[in-house]
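By convention in this document, chain letters (A, B, ...) are assigned in the order of the sequence lines, proteins followed by strands, and residues within each chain are numbered from 1.
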Amino acid sequence: MADNKKLVSEITSMDVDFAKWYTDIVKKADLIAYGSVKGFMVIRPYGYAIWENIQKILDDSFKKTGHENIYMPLLIPESLLNKEKEHVEGFAPEVAWVTFGGNEKLSERLCVRPTSETLFCEHYADIIHSYRDLPKLYNQWCNVVRWEKTTRPFLRSREFLWQEGHTMHATAEDAQFETLRMLDLYADFAEKSLCIPVIKGQKTEKEKFAGAKATYTIEAMMHDGKALQSGTSHNFGDGFAKAFNILYTDKDNSQKNPHQTSWGVTTRLIGAIIMTHGDDNGLVLPPAVAPIQVVIIPVAMHKDGVLDKAHELYSRISDKFKVKLDESEESPGWKYAEYEMKGVPVRLEIGPRDIENNQCVLVRRDTREKTIVSLDNLEEEVANLLSNISDNLYKKALNRREEMTYTATTLEEITEIAATKPGFIKAMWCGDVACENKLKEVSEISSRCIPFEEQQISSTCVCCGKPAKHMLYWGKAY
RNA sequence: CGAGGCGUGGCACAGCUUGGUAGUGCACUGCGUUCGGGACGCAGGGGUCGCAAGUUCAAAUCUUGUCGCCUCGACCA
């Protein structure tokens, strides 16, 4: 039966050192290898397969909502990047520059894209002329580079993979609708496919994206109580359109600037999965994105009929689930630990005793609970188990978030909670950036978002005591 | 960029204080025995000790420089 004993000695316990636990898992589950340049990593096949599954699900959703994929250039001329003032100022400190082509110094230096708003705008200026050209719903899957000072695999790397949607709309209403529609799509994906509960909300002026009119976010809470911004959706209004001179002729024959959005999620989501569901035995993967959903471990392989039976079960269920049959020479115990480390949701053990009784052993990764099931309804049992695992992962994460969410009404109270209890703090806010800065100073917490579902915690700002305008979620962030 | 830690076979580390033939565990190769929670025996292969300069008869070890990685802070998806 399931107990909490740590079986894998190579993994540092998360209670001992959460950061070490994280990097141990990333390496031991074979998700990445470090590259030779700081902040750049080899995403190993098992890690990349998780990303591919994320891509597949999201890309299908984007197609269903009418988006088309496109690919933009890697390099941005400095003059192009400079066109929108707030945007450059936001990104300038962390861009990498190409200054040489071969041995020749370039006349204009080129920035390796940290994000592609400027490239999309340049292109949109070319192709949008009439209201008939709108909306434009484009998305690109690519890599971007941001020269971070300190780096952590998946959470903060200098190169990361993502998708960036960039859309253009005739009216402000259309753009706002799109911004929120994509945020909902992300939230739905996080909760249904990744089993990660998220808080939907709007970023404050201080925390919003460089150049955006409004930024919306899904915020998740990790095992250690820290917040992870897991996806963002921005409404740009017509600011970029004006800066890049994007104009269309409307029905009334007048020239107008279109309204723009962008939205993205990244390989950081893999970090979110690790830090939401993982435990001291390793990774725990949500079934929807697990590269292997069921691993078949033959026990006493050398005995007559065991391998044959294992192959038979493999072909029976491998078209319904992602299945791996491990017939390597390692001992069964070694394999149990290995696939637990890799977070495979369900382990199927088949040995001589099972064959005699027309049964097999199913072990679920999240609780490590063992059940013996008849082979007659194996498909059903596995399907039920996978769906139970998803539900359980989500519920556990939601319960943890609720247990680790506090409310505060005074500065003393919020400072005290921030210092002693990891997690989110709900508190009222007057709307002044000075109060955000102050809390950052005294407590090292930042505003996560103004949630769509606000509560009335009190009537005054937790920081300055003036009348409150909004409820904010506060927390320490990755 | 500030503070701390670390670079020695693929991985984790010892050796460095007090210079003198490069070691251990895991992994790897072969054979045999095992196989229901990380099995065992025997026999093997693999390292110019991050890089560079210096001191010395002699440097993994001492000196200087340099590059890189990790962790924690400020910034970011």
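Taking atom CD on A:E330 and atom C1' on B:rC40, their separation rounds to 14 Å, with Å as the unit. At whole-Å resolution of the value, CD in A:E349 and P in B:rG38 are 12 Å apart. In this entry the distance linking CG of A:D24 with C1' of B:rA12 reads 11 Å, nearest Å. Rounded to whole Å, the distance from NZ on A:K303 to P on B:rC35 is 6 Å. Atom P of nucleotide B:rG38 and atom CD of A:E329 are separated by 18 Å, given to the nearest angstrom. The distance between atom NE2 of A:H302 and atom C1' of B:rG32, rounded to the nearest whole Å, is 14 Å. Rounding to whole angstrom units, CE of residue A:M341 and C1' of B:rC26 are separated by 13 Å. The distance from atom NZ of A:K27 to atom C1' of B:rA12 is 10 Å, rounded to the nearest whole Å.
There is a side-chain donor-acceptor pair under 3.5 Å between A:T261 and A:T167. Side-chain contact, A:N281 with A:Y336: no donor N or O sits under 3.5 Å from an acceptor N or O. Donor-acceptor pairing under 3.5 Å is recorded for the side chains of A:E117 and A:T115. In this structure, a donor-acceptor pair under 3.5 Å is absent between the side chains of A:S262 and A:H166.
Spacing of C1' atoms, B:rC13 relative to B:rG5, comes out at 15 Å, to the nearest Å. Nucleotides B:rU64 and B:rG25 place their P atoms 36 Å apart, quoted to the nearest Å. When the C1' atom is compared between B:rG19 and B:rU56, the two are found 9 Å apart, to the nearest whole Å. With both ends at atom P, the span from B:rG32 to B:rG9 equals 33 Å, rounded to whole Å. Distance check on atom C1': B:rG37 versus B:rG47 gives 35 Å, rounded to whole Å. Comparing B:rA53 with B:rU71, their P atoms sit 32 Å apart, to the nearest whole Å. A gap of 24 Å separates the P atoms of B:rU48 and B:rC6, to the nearest Å. Rounded to the nearest Å, the gap between the P atom of B:rG20 and that of B:rA60 is 9 Å.
For A:L75, the side-chain contact (heavy atoms from CB on, under 4.5 Å) test picks out A:V98, A:L110, A:V112, with sequence neighbours left out. Take A:E159 and apply the side-chain contact (heavy atoms from CB on, under 4.5 Å) test, not counting sequence neighbours, and it matches A:F40, A:N143, A:V145.
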(request) Toss me the dot-bracket line for RNA chain B: Watson-Crick and G-U wobble, both under 3.5 Å, 5' to 3', using | for pairs to another strand and [ ] for crossers. (result) ((((((((.[[[[.)....(..]]]].((((((.....)))))).....[[[[[..)....]]]]])))))))....
Enumerate donor-acceptor pairs with a distance under 3.5 Å from any side-chain N or O in residues 49-57 of chain A to protein atoms, sequence neighbours excluded.
from, atom 1, to, atom 2, distance (Å)
A:N53, ND2, A:A49, O, 3.3
A:N53, ND2, A:V289, O, 3.0

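Other residues, nucleotides and ligands place no more than 12 heavy atoms under 6.0 Å from the CZ atom of A:F177.
Within the 4.0 Å cut-off from OP1 or OP2 of B:rC35, not a single side-chain nitrogen or oxygen of A:S331 is found.
In summary, A:D279 and A:R365 engage in a salt bridge, as defined by a charged side-chain N under 4.0 Å from a carboxylate O.
At a threshold of 4.0 angstrom between heavy atoms, the contacts of A:V361 include nucleobase atoms, whether or not backbone atoms are also involved. Note on A:P352: a base of the nucleic acid sits closer than 4.0 angstrom, heavy atoms only.
Listed by first and then second residue, the side chain to side chain donor-acceptor pair (under 3.5 Å) pairs involving residues 282-309 of chain A are A:K309-A:E312 (not counting sequence neighbours).
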(request) Encode nucleotides 71-77 of chain B as B, S and - characters from 5' to 3', where the letter depends on protein heavy atoms closer than 4.0 Å: B to the base, S only to sugar-phosphate, - to neither. (result) SBBBBBB
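For A:W334, taking side-chain heavy atoms from C-beta onward, the closest of the listed nucleotides B:rA39, B:rG37, B:rG36 is B:rA39.
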